[in-house]
Amino acid sequence: MALLSHELASELGHLPARKLLEKLIREVFPDRIALVSSFGIEAAVLLHIVAEIDPATPVIFLDTGKLFAETIRYRNTLVRILGLQDVRSIEPDQALLRASDPNGGAWRSNPDLCCHIRKVEPLARSLAGFKAWINGRKRHHGGPRSALPLIEAVDGRIKINALAAWGAEEIEAYFSVHQLPRHPLGDDGYRSIGCMPCSDRVAPGEDIRAGRWRGREKTECGIHQTSSHHFANPREE
C-alpha cells in the first residue's frame with residue numbers, strides 16, 4: 001500500500017484537486033473510495049467537488065450523538081442541495097457506549113476515550129470494504145497539519161488529503177463562486193466545528209482550530225492519528 005501511495009503521488013500529484021479526485025473516483029478506485037465529512041465550516045467545498053464528479057460517491061458522516069443541532073440541519077441542507085445520493089450517518093456502537101461511557105461524560109474526564117468510542121471505532125467500522133478515503137484536512141489549519149501530504153498510506157488504505165494545499169482565501173472564493181450555503185455557526189464565531197462540548201468560538205487572531213478542545217493539549221480526535229507513510233509531491237497544486 002505504501003508503494004501504491006508513492007506511485008499515485010508521482011503520477012497524479014501534479015493535478016489540481018478536481019482532476020485528482022476525478023481520476024481517483026472514476027478510474028483508480030471505482031466503487032472502493034469514500035469521502036469522510038464532518039459537514040463543518042469548510043466541508044461544502046469538498047462535498048460540492050465530489051458531488052459534481054459522482055453524486056453516488058459514499059459519504060461517511062460520524063454522528064457522535066454530541067453534535068450541534070445546526071450541524072445536523074446543515075448536513076440535511078447540503079445533501080438536498082448537492083444531490084448527494086449515499087450519505088451514511090454512522091453512530092457509535094451502543095454496547096460500547098454503555099460499557100465505556102454510560103453517563104455520557106467522558107468528553108470531560110477522558111476526551112481521548114470519548115473520541116475513540118464516538119469517532120475512531122465507528123470510522124474504522126464504516127471504512128470496511130473501501131480501499132481509499134478522502135478527507136478535508138488542509139495545511140492552513142496549522143499545527144501538525146502544516147506539513148500535510150497530498151496522499152498517504154494509512155493502516156492498509158490510501159488516504160487522500162485532496163485540498164491540502166488550499167488556503168482560506170481559496171476556500172472562501174469557492175464558496176462565493178458556487179454560492180454554497182454556509183454552516184450557520186460560522187457567523188457566530190466558530191471556525192472549526194466538531195462535537196458541541198469540545199468546540200468553542202475563535203477570537204480574531206487565533207488559529208483556526210484554537211476552539212477545539214480548548215484548554216487541553218489535545219488537538220485531534222484520533223481518526224487522523226494512525227501509523228502512516230506520507231508522500232508529498234513537489235509539483236502538487
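On a predicted model such as this, the values are computed, not experimentally measured, just so you know. All values below were derived from every heavy atom in this structure, side-chain atoms included, with hydrogens, water molecules and symmetry-related copies excluded.
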- Evaluate the side-chain contact (heavy atoms from CB on, under 4.5 Å) criterion for residues Ser89 and Arg75: first the C-alpha distance (whole Å), next the side-chain angles of each, then the deciding distance (0.1 Å), finally the verdict. CA-CA 10 Å; Ser89 292; Arg75 176 200 62 187; 2.9 Å; yes
- After noting the C-alpha distance and the side-chain angles of Glu42 and Lys138, does the key distance pass the side-chain contact (heavy atoms from CB on, under 4.5 Å) rule? CA-CA 10 Å; Glu42 299 176 341; Lys138 304 167 190 71; 2.9 Å; yes
- Task: Quick one: do Arg73 and Glu70 satisfy side-chain contact (heavy atoms from CB on, under 4.5 Å)? Show the steps, please.
- Result: CA-CA 5 Å; Arg73 291 196 292 269; Glu70 289 87 346; 3.5 Å; yes
- Message: Would Val202 and Ile208 count as a side-chain contact (heavy atoms from CB on, under 4.5 Å) here? Give the steps.
- Response: CA-CA 7 Å; Val202 174; Ile208 189 171; over 6 Å; no
Please tabulate, for the side chains in residues 29-39, all donor-acceptor contacts under 3.5 angstrom to protein atoms that are two or more places apart in sequence or on a different chain.
unit_1 : atom_1 : unit_2 : atom_2 : d
Ser37  : OG     : Phe39  : N      : 3.1
Ser38  : OG     : Gly40  : N      : 3.2

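Ser126 has its side chain out of reach of Arg88: every pair of non-hydrogen atoms, C-beta onward, lies at least 4.5 Å apart. You'll find the side chain of His48 reaches within 4.5 Å of the side chain of Tyr174, heavy atoms only. Side-chain contact between Leu12 and Leu24 is present, with heavy atoms from C-beta onward closer than 4.5 Å. The shortest side-chain heavy-atom distance between Val45 and Trp166 falls under the 4.5 Å cut-off. Taking the side chain as every heavy atom from C-beta outward, Pro181 and Leu78 approach each other to under 4.5 Å. Residues Asp63 and Ile72 form a side-chain contact, since some pair of their non-hydrogen atoms from C-beta on lies under 4.5 Å apart.
Distance check: Cys221 SG to His116 NE2 gives 11.5 Å after rounding to the nearest 0.5 Å. Taking CD1 of Ile25 as the reference point, atom CD of Glu27 lies at 11.5 Å (rounded to 0.5 Å). Atom CD1 of Ile158 is separated from atom NZ of Lys131 by 10.5 Å, given to the nearest 0.5 angstrom. In this structure, the separation between OG on Ser176 and CD1 on Ile171 is 11.5 Å, given to the nearest 0.5 Å. To the nearest 0.5 Å, atoms CG (Leu163) and CD1 (Ile134) are separated by 9.5 Å. Rounded to the nearest 0.5 Å, atoms CD1 (Ile90) and OG1 (Thr64) are 13.0 Å apart.
Taking each heavy atom of Leu15 and Leu20 in turn, the nearest pair found is CB-N, 3.9 Å. Taking every heavy atom of both residues into account, Leu46 and Ala162 meet most closely at CD1-CB, 4.4 Å. The nearest pair of heavy atoms linking Lys66 to Gly104 is NZ-O, 3.0 Å. Here the closest non-hydrogen pair linking Leu62 and Leu67 is O-CD1, 3.7 Å. For the pair Asn161 and Pro149, the tightest heavy-atom approach, listed with the atom from each and the gap, is ND2-O, 2.8 Å. When all heavy atoms of Val87 and Leu84 are compared, the pair lying nearest together is CG2-CB, 3.8 Å.
Using a 4.0 Å cut-off between charged nitrogen and carboxylate oxygen, Glu91 and Arg125 do not count as a salt-bridge pair.
Under a hydrophobic clustering in which Ile, Leu, Val, Met, Phe, Trp and Tyr are joined whenever their side-chain heavy atoms come within less than 4.5 Å, directly or via other members, Phe175 and Ile193 fall into different clusters. Hydrophobic clustering keeps Phe61 apart from Met196 (ILVMFWY residues linked when any side-chain heavy atoms are closer than 4.5 Å, directly or through intermediates). Residues Phe130 and Val120 fall within the same hydrophobic cluster, defined by Ile, Leu, Val, Met, Phe, Trp and Tyr side chains chained together at heavy-atom separations under 4.5 Å. The hydrophobic clustering, which links ILVMFWY residues whose side-chain heavy atoms are closer than 4.5 Å, places Ile81 and Val79 together. The same ILVMFWY cluster, assembled from side-chain heavy atoms under 4.5 Å apart, contains both Val50 and Leu180.
Side-chain atoms of Arg139 come within 3.5 Å of backbone atoms of Leu148 as a donor-acceptor pair (strictly under, hydrogens ignored). Although no hydrogens or angles enter the test, the distance criterion places no donor-acceptor pair under 3.5 Å between the side chain of Lys159 and the main chain of Arg157. Asp93 contributes a side-chain N or O that, together with a main-chain N or O of Leu96, makes up a donor-acceptor pair within less than 3.5 Å. A donor-acceptor contact shorter than 3.5 Å is absent between the side chain of Glu52 and the backbone of Ile49. Put simply, the side chain of Asp101 gets close to the backbone of Gly105: a donor and an acceptor are under 3.5 Å apart. At least one donor-acceptor pair under 3.5 Å links the side chain of Arg209 to the backbone N or O of Thr219. Panel note: side chain Lys218, backbone Glu220; a donor-acceptor pair is recorded below 3.5 Å. Judged by distance alone, with hydrogens and angles left aside, the side-chain atoms of Ser199 form a donor-acceptor pair with the main-chain N or O of Gly194 at under 3.5 Å. Side-chain atoms of His183 come within 3.5 Å of backbone N or O of Leu185 as a donor-acceptor pair. Checking side-chain atoms of Arg182 against main-chain N and O of Asp187 turns up no donor-acceptor pair under 3.5 Å.
Checked against salt bridge (charged side-chain N to carboxylate O under 4.0 Å, His left out), Arg214 has the following partners two or more places apart in sequence or in another chain: Asp200, Glu206.
The number of heavy-atom neighbours closer than 6.0 Å to CD of Gln179, taken from other residues, nucleotides and ligands shown, is 12 or below. Counted within 6.0 Å of NZ on Lys23, heavy atoms from surrounding residues, nucleotides or ligands total 12 or fewer; the atom is thus considered open.
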